[in-house]
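Just so it is clear: chains get the letters A, B, ... in the order the sequence lines come, proteins before strands, and each one is counted from 1. Bear in mind that the values here come from a model prediction, so they are computed numbers and not experimental data.
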Amino acid sequence: MEKTYKPEIVERKWLESWDDSLYYFDAALDKPSYVIDTPPPYPTGDFHVGNALNWCYIDFLARYKRMRGYNVMFPQGWDCHGLPTEVKVEERHGISKRQINKQEFRALCKQLTQENIAQMKGMMQRLGMSIDWSKEFVTMDDRYKRFTQLSFLKMYHNGMIYQAEHPVNWCPRCETAIAFAEVEYEDRDASLNYILFKKVGEEQEVEYVEIATTRPELLASCVAVAVHPDDERYKDIAGRELVVPIFEHTVTVYEDESVDPAFGTGVVMICTFGDRQDVRWWKLHNLPLIASIDERGRMTEVARGYEGLTATECKKRIIEDLNAQGLLKKREPLQQNVGVCWRCKTPIEIISTRQWFVRVMHDEIIKASEAITWYPEHFAIRLKNWVDSMEWDWCISRQRIFSVPIPIWYCKRCGAVKVASEDELPVDPTMTSPKMPCANCGGTEFVGEQDVLDTWMDSSLSALWVAGWDLNAMQPSGKGIEFPVALRPQGHDIIRTWAFYTILRSLALTQKIPWHTILINGMVLGEDGYKMSKSRNNFISPNEVIQEHGADVFRQWAAIGGAVGSDVQFRWKDIVAASKFMQKLWSILRFAMLHLSDYQYEEGSAVNLRVIDKWLLSKLNKLILSVTDAMENYKFDEAMKDIRIFAWNVLADDYIELAKSRLYGRSGDEGKESAKYALYETLQTLSKLLAPFIPFYAEEMYSYIKPGKSVHKEQWPEVKRDMINAEAEMEGDLIADITRAVRRYKSEHGIPLNAPLGKLEIYVEDLDSGDMENATATKVELCKDVSKIENDENTLDVNGTKVRIIKE
RNA sequence: GGGCUCGUGGUCUAGUUGGUUAUGACACCGCCUUCACGAGGCGGAGGUCAUGCGUUCGAAUCGCAUCGAGCCCA
């Protein structure tokens with residue numbers, strides 16, 4: 001055996017020899033199932049450190065549950081559709097999606113996605129993920145697309161999906177509707193403009209009302225003005241009419257509690273639509289809709305004289321014109337939070353268009369969320385807060401290309417909606433026509449729906465997909481699978497999206513919650529304590545760690561970095577510490593194999609265990625208890641820490657030091673067998689406890705102890721309760737503590753640690769001191785009469801036990 | 001502006017049912033090339049737990065307030 005542990009060699013060896021089938025979910029097995037609703041990542045090609053953390057958690061559980069006798073399904077999917085890939089493809093081929101036809105464009109997207117999947121898959125495999133690749137799913141494949149479209153049909157037919165004209169968040173650059181979940185907020189510098197609105201009916205003397213707004217370009221869309229009902233300053237204008245400058249149409253002044261009298265002048269103009277509050281007012285007061293900005297972010301014909309300008313250009317021109325007319329009182333700078341498209345950071349507009357929506361059943365979702373076990377518990381409140389704050393239904397139509405088409409046509413003659421039938425799926429309604437004529441008018445000419453589905457419509461089905469849910473039979477199609485499934489692991493950043501949408505769709509399609517437990521992981525922060533980002537230059541890729549220290553080290557960091565759910569900081573020194581532990585484990589194994597290479601282990605064979613052997617085995621069985629308990633509660637950090645402390649402090653520092661000379665047989669064969677037994681028993685258990693965390697090393701270790709066997713096919717260790725021995729632990733602790741105290745004495749007195757002392761007088765009834773004599777290289781004499789000893793510097797007190805050191 | 005989490009030696013951290021000398025790691029200091037390991041071993045110094053008030057016989061651990069940090073978001 002090499003002196004240094006070489007992860008690159010060991011890990012490569014096992015990667016090559018392990019067979020994928022080791023991790024297959026076997027429907028024929030008569031075992032309880034443990035199905036994981038693994039996140040299908042977006043195939044960007046980059047499996048980043050945050051992904052890797054999450055996947056480590058999943059793999060710890062998958063491996064642990066397998067060893068606990070569960071039939072584990074750890075599938076892997078890919079959430080392919082969406083704008084980022086479209087943008088990448090345009091960049092890569094130097095084209096615009098409008099230059100080539102949809103089919104060609106989709107093919108290019110598919111190709112890029114496949115390449116990215118291959119890259120990310122490689123990283124998952126390199127990290128030792130025990131994924132069942134026979135269950136891989138890809139949302140852009142026909143089978144999955146069919147499933148998505150079928151789910152659309154089911155929800156359309158049961159009234160959960162409808163089409164309506166409604167204001168939606170709109171990205172003028174991407175030219176598509178987006179959901180709230182896709183809107184981000186950024187601080188921007190804006191100006192607050194104080195504009196004069198003329199009061200109507202002031203014949204003699206013209207009077208004005210001053211209104212502050214950040215969006216003068218929306219003046220054409222101004223449909224009302226509002227003041228707070230208690231605002232004494234504006235009592236006289238409530239209910240009256242004002243003239244909108246430049247566009248000269250009149251609007252009514254409403255009183256509304258939501259107006260903030262402290263902001264600007266306390267008078268607000270209501271436009272269709274400047275922000276979400278405008279939509280609320282528009283609905284509440286039944287106001288007309290005047291759209292002045294179109295889908296490309298340009299002014300419509302409503303904005304007479306500014307038509308065709310972009311909103312930004314228009315704003316500039318209107319400010320100039322207001323100024324020229326003396327209607328601009330003043331401008332002041334303002335820090336503003338604007339909603340931007342999560343993808344391209346373009347400020348969003350709120351535009352009313354005809355879109356498809358999914359009904360949000362607030363109460364049912366909250367009830368379902370309460371029926372799910374959240375870990376950590378406190379994240380449940382995030383979902384609740386989100387549901388409570390949702391004002392509009394979920395807009396699921398997108399004006400994009402690389403996504404699942406909405407399986408709908410419109411009759412050319414009467415305009416009626418024609419829904420695809422189940423046997424037509426998957427279908428692209430822009431490419432094919434329905435088989436049956438229009439049910440309304442008998443027409444046979446149709447126009448296909450151009451819009452496609454929000455990608456969350458795909459990924460929110462993942463739980464149903466992995467369970468093999470049959471949307472017609474209303475049950476899982478596969479054998480041995482329960483629904484709800486066992487576990488949903490995911491990050492807290494997508495609670496409002498993926499978790500929310502999955503619960504919603506599961507309720508709508510199955511009337512059940514999707515999973516029993518949701519396990520939320522934190523984000524990975526950079527070494528500087530901030531979120532990793534390109535601009536901060538604090539990025540780490542898992543690959544860097546693996547190249548230098550191996551996958552096991554990365555996995556150890558993931559386990560020990562922090563409690564599940566809390567954000568963990570990446571630190572190289574933790575990586576180094578993990579790497580040192582690998583070397584320690586390797587040294588332990590090397591030492592053990594010096595003595596165990598031809599040892600024939602037989603359980604329970606050693607009857608004459610020495611105190612220190614019993615002490616070790618007692619602590620080992622307690623370790624099984626604590627690690628098992630930690631695993632059951634997703635406390636991977638505690639499990640890994642307990643294992644480290646045991647292996648390093650208990651086994652290596654204390655036990656091996658104490659039992660060493662017996663193993664070397666320095667004083668004959670006495671106690672040799674029992675030491676071998678204890679050591680073997682410990683190593684075999686240790687490799688099993690390590691298997692979920694560091695599968696490569698655990699397998700290597702096991703291959704020495706049990707040649708030809710895989711630790712990953714073994715059962716999780718059972719606690720041997722009769723081995724837990726309080727008496728042996730107390731005596732063993734005393735032996736270890738006295739040994740430590742003697743070492744300290746030698747260190748303080750400048751005596752080499754391996755130099756013998758005269759003798760040790762230990763004032764105790766009884767003690768198995770043989771191992772201590774060897775470890776301290778000093779004779780031990782047990783003494784009874786404590787009263788006679790002098791309390792000088794040569795008398796040590798070890799937990800109440802007096803130890804006298806006789807130098808010569 | 002809201003929500004969530006958190007604030008323990010130089011750095012990171014354990015300490016979620018309040019009760020003896022507050023855990024460990026890294027860094028630091030001293031000693032040791034001892035036959036598993038020098039990316040090692042042995043030993044040592046260093047904190048009163050953000051701040052304030054309160055509950056209690058007793059608080060890092062409970063409550064309130066203030067300050068600060070991070071994350072997610074409006």
For this session: With P as the reference atom in both, quote the distance from C49(B) to G44(B) in angstrom, rounded to an integer.
Result: 25 Å
Exercise. Considering only C4(B), A14(B), G70(B), which nucleotide approaches the side chain of Leu525(A) most closely?
Worked result: G70(B)
Exercise. Taking the side chain of Arg382(A) as its heavy atoms from C-beta onward, which of G15(B), G41(B), G3(B) lies nearest to it?
Worked result: G3(B)
Exercise. Contact class for Ile588(A) vs. all strands (heavy atom < 4.0 Å): base, sugar-phosphate, or nothing?
Worked result: base
For this session: Figure out the CZ/P separation between Arg740(A) and G44(B), and round it to whole Å.
Result: 10 Å
For this session: Would you classify Arg644(A) as touching base, sugar-phosphate or nothing, given that sugar-phosphate means primed atoms plus P, OP1 and OP2, and contacts are heavy atoms under 4.0 Å?
Result: nothing
Problem set entry | Of the listed nucleotides G38(B), G41(B), C73(B), the one nearest the side chain of Lys3(A) | G38(B)
For this session: Choose from A74(B), G43(B), U13(B) the nucleotide whose nearest atom is closest to any side-chain atom of Lys641(A).
Result: U13(B)
Exercise. Touch check for Asp653(A), heavy atoms < 4.0 angstrom, all strands: base, sugar-phosphate only, or nothing?
Worked result: sugar-phosphate
Seminar exercise, completed: Gln556(A) CD to A39(B) C1', in whole Å, measures 14 Å
Exercise. For the pair made of OH in Tyr5(A) and P in A39(B), what is the distance, rounded to whole Å?
Worked result: 18 Å
Problem set entry | Separation between the C1' atoms of G46(B) and U8(B), rounded to whole Å | 14 Å
Problem set entry | Nearest-Å distance once atom C1' is located in both U66(B) and G47(B) | 24 Å
For this session: With C1' as the reference atom in both, quote the distance from G18(B) to U55(B) in angstrom, rounded to an integer.
Result: 11 Å
For this session: Give Lys635(A) one of three labels, base, sugar-phosphate or nothing, depending on what nucleic acid heavy atoms sit under 4.0 Å from its own.
Result: base
Exercise. What integer number of Å spans the P atoms of A50(B) and U11(B)?
Worked result: 13 Å
Seminar exercise, completed: When rounded to whole Å, the CD1 to P distance for the pair Ile575(A) and C12(B) reads 18 Å
Exercise. So which nucleotide does G63(B) pair with, by the Watson-Crick or G-U wobble rule with both distances under 3.5 Å?
Worked result: C53(B)
Exercise. Base, sugar-phosphate, or nothing for Ala652(A), non-hydrogen atoms under 4.0 angstrom?
Worked result: base
For this session: Scan every strand shown for a Watson-Crick or G-U wobble partner of A45(B), both distances under 3.5 Å, and answer none if you come up empty.
Result: none
Problem set entry | His492(A) NE2 to G70(B) C1', straight-line distance once rounded to whole Å | 10 Å
Seminar exercise, completed: The answer to which of Ile656(A) and Ala577(A) contacts RNA chain B further toward the 5' end, by nearest nucleotide, is Ala577(A)
For this session: Identify the nucleotide, in any strand shown, that forms a Watson-Crick or G-U wobble pair with U23(B), with both distances under 3.5 Å; if there is none, say none.
Result: none
Exercise. Quantified in whole Å, what is the C1' atom distance between nucleotide C12(B) and nucleotide A69(B)?
Worked result: 15 Å
Exercise. Counting only side-chain N and O atoms of Arg743(A), is one of them less than 4.0 Å from OP1 or OP2 of G41(B)?
Worked result: no
Exercise. Do Asp653(A) and Arg740(A) meet the salt-bridge criterion of a basic N to acidic O distance under 4.0 Å?
Worked result: no
Problem set entry | Below 4.0 Å: OP1/OP2 of G41(B) and any side-chain N or O of Trp648(A) | yes
Exercise. With nearest nucleotides of RNA chain B determined for Lys584(A) and Lys573(A) from heavy-atom distances, which residue corresponds to the more 5′ nucleotide?
Worked result: Lys573(A)
Exercise. For A69(B), which nucleotide is its Watson-Crick or G-U wobble mate, given both distances must be under 3.5 Å?
Worked result: U5(B)
Exercise. P atom, C4(B) versus G30(B): distance in rounded Å?
Worked result: 50 Å
Exercise. His378(A) has a side chain; which of C12(B), C37(B), C4(B) sits nearest to it?
Worked result: C4(B)
Seminar exercise, completed: Whole-Å distance, Trp386(A) CH2 to C71(B) P, equals 20 Å
Exercise. Less than 4.5 Å apart, any side-chain heavy atom of Leu585(A) and any of Leu690(A)?
Worked result: yes
Exercise. What does Leu589(A) touch in the nucleic acid at a heavy-atom separation under 4.0 angstrom: a base, only the sugar-phosphate, or nothing?
Worked result: nothing
For this session: Using side chain to side chain contact (heavy atoms under 4.5 Å, CB included) as the criterion, point out the one residue from Leu734(A), Ile738(A), Asp737(A) that pairs with Val803(A).
Result: Ile738(A)
Problem set entry | Whole-Å distance separating the CZ atom of Phe379(A) from the C1' atom of C6(B) | 12 Å
Exercise. Please walk me through it: do Trp572(A) and Phe570(A) pass ring pair (Phe, Tyr, Trp, His ring centres under 6.0 Å)?
Worked result: CA-CA 7 Å; Trp572(A) 278 107; Phe570(A) 181 87; 5.2 Å; yes
For this session: Look at the side-chain N and O atoms of Lys580(A) and state whether any lies under 4.0 Å from the OP1 or OP2 oxygen of G40(B).
Result: yes
For this session: Ignoring hydrogens and angles, state whether a donor on the side chain of Asp654(A) or Trp615(A) is under 3.5 Å from an acceptor on the partner side chain.
Result: no
Exercise. Applying a 3.5 Å limit to both distances, which nucleotide forms a Watson-Crick or G-U wobble pair with G40(B)?
Worked result: C32(B)
Exercise. Should the ring pair Tyr599(A) and Tyr680(A) be called parallel, tilted or perpendicular, given that the plane angle runs from 0 to 90° and is split at 30 and 60?
Worked result: tilted
Exercise. On a whole-Å scale, what distance lies between the P atoms belonging to U48(B) and U21(B)?
Worked result: 16 Å
For this session: If the plane angle is over 60° it's perpendicular, under 30° parallel, otherwise tilted; pick one for Trp586(A) and Tyr5(A).
Result: tilted
Exercise. Can you say whether the rings of Tyr601(A) and Tyr677(A) are parallel (under 30°), tilted (30 to 60°) or perpendicular (over 60°)?
Worked result: parallel
Exercise. What's the OH-C1' distance between Tyr655(A) and G41(B), to the nearest Å?
Worked result: 20 Å
